[in-house]
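Numbers restart at 1 for each chain; the letters A, B, ... are given by sequence-line order, proteins then strands.
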Amino acid sequence: MEAPMIKITDLEKFYRTEEVETIALNKLSIEVKTGEFVAIMGPSGCGKSTLLNILGMLDDPDEGSYVFNGVEVAHFTERKRADLRKHNIGFVFQSFNLIDELTVFENVELPLIYTGVPSAERVKRVEEVLDKMQIMHRRNHYPQQLSGGQQQRVAIARAVVNKPKLILADEPTGNLDSSNGNDVMELLTDLNEQGTTIIMVTHSEHDARYSHRIIRLLDGQTVVENIMI
Amino acid sequence: MIRNYVKTAFRSLMKNKGFTFINVLGLALGLATCLLIVFYVFDELSYDRYNVKADRIYRLNNDIKFGGLENSYAITPAPAAAALKGDFPEIEQVARLRNRGGNQVKKGTQDIQEDRMVYADNSIFDIFTLPMIAGNPARALVDPHTMVITEDMARKYFGRVNVIGQVLTINDSVQFKVTGVIKNIPKQSHFHFDFYMSMPTIAESKSAAWFSNNFGTYILLKPGADPKVFAAKLNDFMARHAGSQLQAILHMDFKTLEKSGSYFRLSIIPLTKIHLQSNSVDEIEANGSISYVYIFSATAIFILLIACVNFMNLSTARSANRAREVGVRKVLGSPRSALIAQFLTESILVTLVGAIIAVLAAWSMLGLFNQMSGKDLTVTPQILGWLIPALLIIILVVGCLAGSYPALFLSGFQPIKVLKGKLAGGFKGGMLRSILVVVQFTISIILIVSTMVISNQLKYIQSKDLGYNRDHVLVIKNVWALGNAAKTFKQEVRQLAGVQGATLSNALPTDENGNSTTYFKDPVIDQKRSVLTFDWNIDEDFIPTLGIKMAAGRNFSKDMATDSTGIVINEAFAKQLGYANPVNQFLYTPADQMATKTTKYHIIGVVKDFNFKSLRTNVTPLVFVLDQNIGDLSVRINSADIPSLMAKIKDQWKGLSPNRQFSYVFMDDNFDALYRSEERMGAISIAFTSLAIVIACLGLFGLAAYAAEQRIKEIGIRKVLGADISTIVNMLSKDFIKLVLIAIAIAVPFAWWAMHGWLQGFAYKQNIQWWVPATAGVSAILIAFLTISFQAIKAALTNPVTSLRSE
C-alpha cells in the first residue's frame, strides 16, 4: 500500500493558563493519503483548528508523532518548519487574510517571492493562476475593493500558486453567502481532482459533502469517520 | 525583495497618514534642531583651525596672585618673547601683539574711528596663516611706521586691493606706509584685527620691564616638541630673567615670593583652546564657552532622542494593526529576518523623508538661528562635503534605532496567535513604551526648569541695584582725541538744556576697561602690605553723574588744588586695607616700571561698592584718580526729545572737530552687551524647550489616539452601560498622567542640581525658588492632559453603536 502523506499518532496538545489545563488534542491518530479530500467537523472547542495548525506546521504538538511525507516533523525547529511549509502547504482562511496594502497580483505573488522564484517566472505563474480563478481583470485592485467571494478566490489563488501538495482550508466558506460558497467549493474540488490533497475544517454539512471523508472530532478525539465515496 | 519592502512600506505609510505625519514631523523637527546645533558646535570647535600650524601654536599666559587678587592674564611682559626664543631651541618662532585700542584713520578729510588695530611683530606671518595678497611677508612689518591691512580696509580706504606704498594717517598726526595687504581674517578666529602696525613703531616694544604686562605673546613650537616639557621649564625661565627686577622692586627672590603665597607664573595655552577654554583677563575678544558647547550638544541629543522615542512608541502602539500582516507573511513562508528588514526599511524611509524636510527646515531657519545665537553660519560646499555623508549615516542610525524595537517586536509574533486575533490588545503591557514616555517628559521638564532658571537670572541681572544708575546715560566715544578741547566740549554739552550732568573718564562700569595697579601701604614697598586694584581716571563729576554713593569722606573737588594727589577708593579696597577709618590715610604706588620711586596718594573718600564688572564676579578693589581730557564723555540726559538733543551735541562736536567721527552708545545697551551670551543662551533654550515639548506632545498625541482606538469597543460598552464623557476622559488620561508624575519626580532633582551648577558662575544670583519646579511640573501635566484629552473626548463622544458594530 502507498505510504500516507500525513500520519499522526497519539498526538496531544494542551493549553495552560495560570490555573487550568485544557486538553485540545487527546491522543489523536489520523492518516491522510495523497490525493484525498478530507473534511474535519465538530462542535466549537473540539480541537479542529488546533489540529489544522499542527498539520500546517504553524504550531507543534506536546506529545505524539507527526510524519509528513515520510519525515517526522513533530519537533522541527521553527525555521525548518517554515521551509517545509512554504514549499508544500497552501492555506485558505475563513477571513481570507489578504494583505490590505498589496494588490491582488502582489498578494498572490508573495509566496513565490519567499520561495525565491525569479521575477519573470513569477509574473507568468501569477497570471496563470489568476486566469484559472477568473479574477485576472481584478489583478491591480486592492482587497478592500473586492467582494468576499472574489477575496476568497484571491486567497485560494495565493494558496495554490506555489503548486503545494497539500491545501489546508479553515472554514473557507464561513464568511461567504451560499452562492459564493458553492463557487469556492467547486474550485477546491477541481484542485483536488488535479491531484492536490485537501484538508478542510468546516461547520457546514453541505460543504463537507464535497469531501471524500469526514473526520468528526469531540473533545480532541476522533469520534466517527464517514467515508463519503 | 527590497522593492517589495519599499512598496509595502510606502503604502502602509500612506494608508496611515495621521501616524506618518506625526512621525515625519516629529523626526524632522528633531533632526532640524540637531542640524542647527551641529552647525553651531562645529563652528565653535573650528576656531583658529584655519592656521596651518594651529597644532604647534601656543599663547603665553601670565598667572598672577598678588595684592589679594588671583588672576590669569592673556598679556605678558614685552621682553618675554625674545628671551623665550633665545633660551629654548624647541621654539621655532615667537610673535607679539600689542593692543592699544582704537584710533582715527583719515580718509580724505574724514577721520574714521577704527577699533580693530594692533601693533604686531613681523613674525606673526611665520606663525599665523595670514595670506598676503600684496607685499612681502618676510619684511612687511620690520620698519617703523609700516602697516599691513586687510583687503576690506584696502577697499574701504583706497577702493582697490593693491595699495602697497600708500600712506594712512592715524589720529591726524602719525603716518603709516602700507607694506602689505592680507586676506580678511576668518570669522572663526580669536582675533579680528584689520590694521597691523609695525611693532618697532612704539618705544614700548623695546621695554625690558618684566612686571608690566601689555603684550600678547604667541609661540610656534618646532614639530615634535613636547609642550608639557616646555611649559614645565617656564618657572625657571621667569626666575632667570625677572629675578633681578623682582629683587629690585620687592627685595626678594621668586622662591620667597611663592612661600609668602604670591606668585608670577608663565603658562601656555594651545591656540585652538583659546576660543572655548580661555577666560583670562585682557583677552583680545570675548571668547566662547565650552560649557555652552556641551549644553547645546546635550540638548541636540535630547531632542533627537525624544523624536526617536516618538517613532518607537507610535510604531509599537500601532503593531496590533500590523499583526495580521505579519501573521500572513509568516504563514506564507517569510523568515523573521525578512520581516525585520521590512520594518527597518519602513522606518528608514520615514527617517529619510524626515531628514529631507529637516534639511530644508534647518536651511530656512538658519537666518533666525544666526540672529538668536549671534553667529554667522552659512552652508558652504565644505559643510555639504561632510554634511551629506553624515546625514546618510544619521538616517541609517536613527532609522535603525527608531525601527529596531517595532521590527524585533512585530517580527516575533506567533502567526497563529495573531491570525486568531489574540494580540488585539497590543497596546497594553507596553512597559517599554511607558518608560519611553517617562524619558520624554523627564527631558521636557528638565528643559522647562532650566529655561525658567535662566530667564529668572537674566531678569534678576536686569533689575538688580548695581550701585550706579545706567539709565539715560549717553556715552560719547573717544573724546580724549579732542586733546585739551575735551574739557571745553564737556562744558559746552553741560550747558545744553536736557543735560543733567557730564563726566570724562577712561573707564566705565559697562566697559571692561581700566588698568591694574598695585598700591602699597608704605613708601618702602612690601608685597604683604599691598592691594592689587583696578585703577580708573575720572573727573570730579563722575561720582554724582553716575549716581554712585559715598560711604565716607568726600568726592574730588575743583576747588581743592591738592586733589591731584588725592584718591577715592571703593569699599572692597577699604576692606582689604583693613584700616578702621581709611579716609586721610596715605598710599604709595610705583612711579615707574622698575619701581625706583613711589608716588604718594592721599585717600579723600570711599564710595559704596558698585558692580563695575559683570555680575559673574564679586566686586574687587577699585581706585579713582583725578584726571582731565580723557576717555569718553558720559552724559546724563533728562530730556524726552533725545534726537534733537543728540543733534545739538553732535553740532558741538563738529564745531570743535569737524573731521572726526562722532560715535556714541547708550550705557544700558552696553550693559546688555555684557550679558549677551546669557541672553542668547536664554533665547535659544526657550526655543529648544518649546521644540522638545512640541515633539514630546506630538508623540503623546499619537499614543493617546491609539490608546483610544484600541479601547474603542470598551468605551462603547461602557457608554451603553451608562458611563458619561468625563468618566471616559478620566479613564483614558489617568495612565498617561501617572507617567508624567513619575517624570516630574525624576526631572526636578536633576534640573535643580544642573541649574544650581550653572548659577555658580555668577557671584550675584537669584537662587532657584520652589515655584520654579512647581510651575514646570504643573505645566507639564497640563500640556499632557490637554494633548490626551483631545483624543479622549473624541473617543468618548463617538456613538457606541458605530464602535460596537465593527466586530
Next on the checklist: Just so I know, are the side chains of A/Lys86 and B/Leu332 near enough to count as touching, which here means a heavy-atom distance under 4.5 Å?
Outcome noted: no
Checklist entry - Contact part of A/Leu84 toward chain B, heavy-atom cut-off under 4.5 Å: side chain, backbone, both or neither? => result neither
Checklist outcome for this item: Shortest non-hydrogen pair, A/Arg158 vs B/Val328, comes out as NH1-CG1, 3.3 Å
Checklist entry - Which bit of A/Thr50 is near chain B, if near means a heavy-atom gap under 4.5 Å: side chain, backbone, both or neither? => result neither
Next on the checklist: Between A/Arg85 and B/Lys330 (side chain of the first, backbone of the second, donor and acceptor by atom type, cut-off under 3.5 Å), is there such a pair?
Outcome noted: yes
Checklist entry - How far apart are the C-alpha atoms of A/Thr103 and B/Arg11, what are their side-chain angles, what is the distance that settles it, and do they pass the side-chain contact (heavy atoms from CB on, under 4.5 Å) test? => result CA-CA 11 Å; A/Thr103 61; B/Arg11 288 187 193 148; 4.3 Å; yes
Item to check | Minimum heavy-atom distance B/Val331-A/Phe93, with the two atoms named | outcome: CG1-CZ, 4.0 Å
Next on the checklist: Looking at A/Asp219, I'd like to know if its CG atom is crowded, meaning that more than 12 non-hydrogen atoms belonging to other residues, nucleotides or ligands lie closer than 6.0 Å.
Outcome noted: no
Next on the checklist: Taking atom CZ as the centre, does B/Phe21 end up with more than 12 heavy-atom neighbours from other residues, nucleotides or ligands that are less than 6.0 angstrom away?
Outcome noted: no
Item to check | B/Phe10, CZ: over 12 other non-hydrogen atoms inside 6.0 angstrom | outcome: no
Checklist entry - Using non-hydrogen atoms only, which part of A/Tyr142 is less than 4.5 Å away from chain B: side chain, backbone, both, or neither? => result side chain
Item to check | Heavy atoms from other residues, nucleotides or ligands near NZ of A/Lys165 exceed 12 (cutoff 6.0 Å) | outcome: no
Checklist entry - In terms of heavy-atom proximity below 4.5 Å to chain B, should A/Leu102 be classed as side chain, backbone, both, or neither? => result both
Next on the checklist: Report which part of B/Arg336 has an atom under 4.5 Å of a heavy atom belonging to chain A: side chain, backbone, both, or neither.
Outcome noted: neither
Next on the checklist: Let me confirm one number: the CD1-CZ distance from A/Ile113 to B/Arg329, rounded to the nearest 0.5 Å.
Outcome noted: 8.0 Å
